[in-house]
Amino acid sequence: MRRREFITLVGVAAVMGPSPARAEQTRKLPIIGFLGPAWSAQDFEDRLRELGWIAGRTVTIEYRSAEGHTERSNEIATEFVRLKVNVIVTVGGSPTLAVKRATSLIPIVSISGDPVGSDLVASLARPDGNATGLALNPISLAGKRLELLREVVPGFRRLTVMVNANSPGFKNRMDEVQAAASALGLEATILEIRRADDVASAFEALRDRADALYAVGVPLTFAIATRALTARIPTMFEYREFVDAGGLMSYGVDATHLWRLAATFVDKILRGAKPADLPVQQPTKFDLVINLKTARALGLKVPESFLLRADEVVE
């Protein structure tokens, strides 16, 4: 067939719209409701594709982001129930609990801090409900993160910890961080934020009072990294995406590994498995990432031995 004839046929098909058979096939595709950050979509879809699920062909994925607003998580959860999605993927304590409140029937794959402590699941081994996924908090890394900061930040004594106070179990996280700071002889100040709009005032509050900032959990906005850089405050994040946004360093679960695991859970559920029969997993791969450009902007000299240990150096 000549190219012109092919284009003409495609144009006619577009005007006529999908055939009833094709429309019926589209309606029957399983639907994944995805409540999480846009940067995670590629790794998630790549793993799904390996498992035979191709977005738009064998599965429909409805992406949504609450953008740091708790009330928006509730709206999205209600929307997913109305759409009758086959499985919901969430990241973070607040979005996960919003989805859990909205449905006790639709399977949930959650990436959250403490699914047992927040009553999302009965136990890691036996979830006993409509939710399963990945648990991050049982992995205690606060001490390691603070030690890494101390290697790079000279005279490090005053630590500010910024935490999303909407996250279930965040007070337990704070206890962990304060204990780690005390063991290292650091003075820790806690700043609780509940909305992305709180970040500006939070930085005003810590002006000239912090040698370093540790953002606990999934921050509400990338502005934390950029504001900290403007204020010349070295930062530690748990997710490397914030290092790309201008943060100094991160030490935490490899994001690609995380979302590939989430996709594996979704695959099993779409093929008939029940969340109650799928034990919650804990990630095993952790990466140290440092932004050398940010280090230079902050006037920090990063030891060569530190750079050799880093899994990735952003320049």
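All heavy atoms count here, side chains included; hydrogens, waters and symmetry mates do not. Positions are given from 1, in the same order as the sequence printed here. Keep in mind the model is a prediction, meaning the values are calculated, not measured.
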Less than 4.0 angstrom from a charged side-chain N to a carboxylate O is my criterion; do [X] and [Y] meet it?
X	Y	result
R271	D267	yes
K144	E147	no
R194	E192	yes
R145	E238	yes
R309	E151	yes
K274	D277	no
E45	R260	no
E187	R157	no

Would you indicate whether the side-chain heavy atoms of [Y] and [X] approach each other to under 4.5 Å?
X	Y	value
R47	E50	yes
I193	I224	yes
T189	R158	no
V199	R227	yes
R126	P279	no
L134	Q282	no
I190	V163	yes
L229	L298	yes

side-chain contact (heavy atoms from CB on, under 4.5 Å) evaluation trace for R150 with L146: CA-CA 6 Å; R150 196 165 63 169; L146 297 183; over 6 Å; no

Between [X] and [Y], what is the shortest heavy-atom contact and its length?
X	Y	answer
I269	P275	CD1-CG, 4.2 Å
L51	A263	CD1-O, 4.0 Å
L300	P154	CD2-CD, 3.8 Å
L292	V302	CD1-CG2, 4.0 Å
A131	L120	CB-CD1, 3.6 Å
T90	P95	CG2-O, 4.3 Å

side-chain contact (heavy atoms from CB on, under 4.5 Å) evaluation trace for I106 with K84: CA-CA 8 Å; I106 298 174; K84 298 181 179 179; over 6 Å; no

Can you tell me how far [atom2] of [Y] sits from [atom1] of [X], rounded to the nearest 0.5 angstrom?
X	Y	atom1	atom2	value
T78	R101	OG1	CZ	9.5 Å
I88	T103	CD1	OG1	6.0 Å
D119	L97	CG	CG	8.5 Å
L186	L149	CG	CG	9.0 Å
R64	I76	CZ	CD1	7.5 Å
I31	E62	CD1	CD	6.5 Å

Are [Y] and [X] co-members of a hydrophobic cluster defined by side-chain heavy atoms under 4.5 Å apart?
X	Y	result
V91	F34	yes
F306	V289	no
V243	I290	no
F286	V216	yes

Can you tell which of I108, V99, T96 makes a side-chain contact (heavy atoms from CB on, under 4.5 Å) with L35? V99

Member of I54, L29, I32 meeting the side-chain contact (heavy atoms from CB on, under 4.5 Å) criterion with V59: I32

Is the count of non-hydrogen atoms from other residues, nucleotides or ligands lying under 6.0 Å from K268 atom NZ greater than 12? no

Test your reading of the model: is there a side-chain donor-acceptor pair from [X] to the backbone of [Y], 3.5 Å cut-off?
X	Y	answer
S65	P37	no
D198	R195	yes
T294	G246	yes
D254	D287	no
D311	L288	yes

For residues N130 and S104, is any side-chain donor paired with an opposing acceptor at under 3.5 Å? no

I need the single residue from Y251, F222, F242 that forms a ring-ring contact (aromatic ring centres under 6.0 Å, His included) with F237. Which is it? F242

Please walk me through it: do W259 and I111 pass side-chain contact (heavy atoms from CB on, under 4.5 Å)? CA-CA 9 Å; W259 289 107; I111 298 174; 3.6 Å; yes

Ring centroid separation for W53 and F44, is it under 6.0 angstrom? no

Set out, in order, the CA-CA distance, both residues' side-chain angles and the distance that settles side-chain contact (heavy atoms from CB on, under 4.5 Å) for V152 and M249, then state yes or no. CA-CA 10 Å; V152 175; M249 70 175 85; 3.8 Å; yes

